[in-house]
Structures are given as structure tokens and as C-alpha cells.
*Asks:* 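Dumping the structure here so I can ask a few things about it.
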Amino acid sequence: MTKNEKITISFLPSDSDLISFIKTKKEFGNLSDYIRTLIRNDMQSEPHSINRTNDDIIDKVLHLLKTVEVTVNKECQYPPESSTLDIEFKNAINDLF
């Protein structure tokens with residue numbers, strides 16, 4: 001007899017939209033099949049992203065933040081030229097992971 005692997009996922013209270021969507025999907029079809037299909041699609045479309053480390057992702061986000069210029073007013077332009085902010089940005093982004 002083959003034993004199925006079971007994995008549990010959790011949702012935050014703020015994910016009520018996701019929970020509602022999943023409940024609807026579950027009424028009309030096989031939820032496990034739906035999730036397996038989503039995972040397979042991710043695996044096929046972005047095989048390189050699975051191997052990325054958090055540092056790689058953080059560096060990419062920092063690079064994007066540095067290249068985008070946002071003008072709040074004529075006297076104040078972002079991103080500022082400060083290495084202290086780079087460390088703060090990196091720590092803030094790291095906290096997201």
C-alpha cells in the first residue's frame with residue numbers, strides 16, 4: 001500500500017480572501033489537484049528561482065530600490081545616497097523572509 005505524503009499549510013487571519021477562494025475551489029473540484037497543478041506550473045516556468053537564497057532575493061530588491069527614483073518634491077529625491085540606509089533596507093527586507 002502506498003502512503004501519501006501530507007503537508008500542512010497555514011493561513012494568517014488577514015488571509016480571509018485566500019481562505020474564501022480555497023473554500024470555493026474545494027466545493028467545485030479537488031483542492032489537492034489544484035495545488036499540485038499550481039506548483040508544477042511554478043516549477044516549469046521558473047526553475048532557477050527555487051535555488052535562490054534569501055540573500056540573492058534581498059540583493060535584487062535592494063538593487064531595484066536603488067534604481068527607482070521617486071521625486072517627492074524638487075528638494076527631496078529618493079533613493080538617498082547613504083550606506084546606512086542600505087543596511088536598514090537589507091534588514092527590513094530580511095525581516096520579510
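Remember, predicted model here, so these are calculated numbers, not experimental data.
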*Asks:* Not counting sequence neighbours, which residues clear side chain to side chain contact (heavy atoms under 4.5 Å, CB included) with Ile9? List them please.
*Replies:*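 Phe11.
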
*Asks:* Taking only residues two or more places apart in sequence or in another chain, which ones pass salt bridge (Lys or Arg N to Asp or Glu O under 4.0 Å) with Asp33?
*Replies:*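 Applying salt bridge (Lys or Arg N to Asp or Glu O under 4.0 Å) to Asp33 gives Arg36.
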
*Asks:* If the condition is side chain to side chain contact (heavy atoms under 4.5 Å, CB included), which residues does Phe21 pass it with, not counting sequence neighbours?
*Replies:*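 Phe21 satisfies side chain to side chain contact (heavy atoms under 4.5 Å, CB included) with Lys25, Tyr34 once adjacent residues are dropped.
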
*Asks:* Return the set of residues passing side chain to side chain contact (heavy atoms under 4.5 Å, CB included) with Leu12 (not counting sequence neighbours), or none when no residue passes.
*Replies:*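 If we apply the side chain to side chain contact (heavy atoms under 4.5 Å, CB included) test to Leu12, skipping adjacent residues, the hits are Ser14, Asp15.
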
*Asks:* Does one hydrophobic cluster hold both Leu38 and Ile22, with members joined at side-chain heavy-atom distances below 4.5 Å?
*Replies:*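 Yes, one cluster joins them.
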
*Asks:* Taking Ile39 as the starting point, is it possible to reach Leu18 by hopping between hydrophobic residues whose side chains are less than 4.5 Å apart?
*Replies:*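 They do share one cluster, since a chain of ILVMFWY contacts under 4.5 Å joins Leu18 to Ile39.
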
*Asks:* So, taking the atom named CG in Asp42 and the one named OG1 in Thr37, what distance separates them when rounded to the nearest 0.5 Å?
*Replies:*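 It is 11.5 Å, given to the nearest 0.5 Å.
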
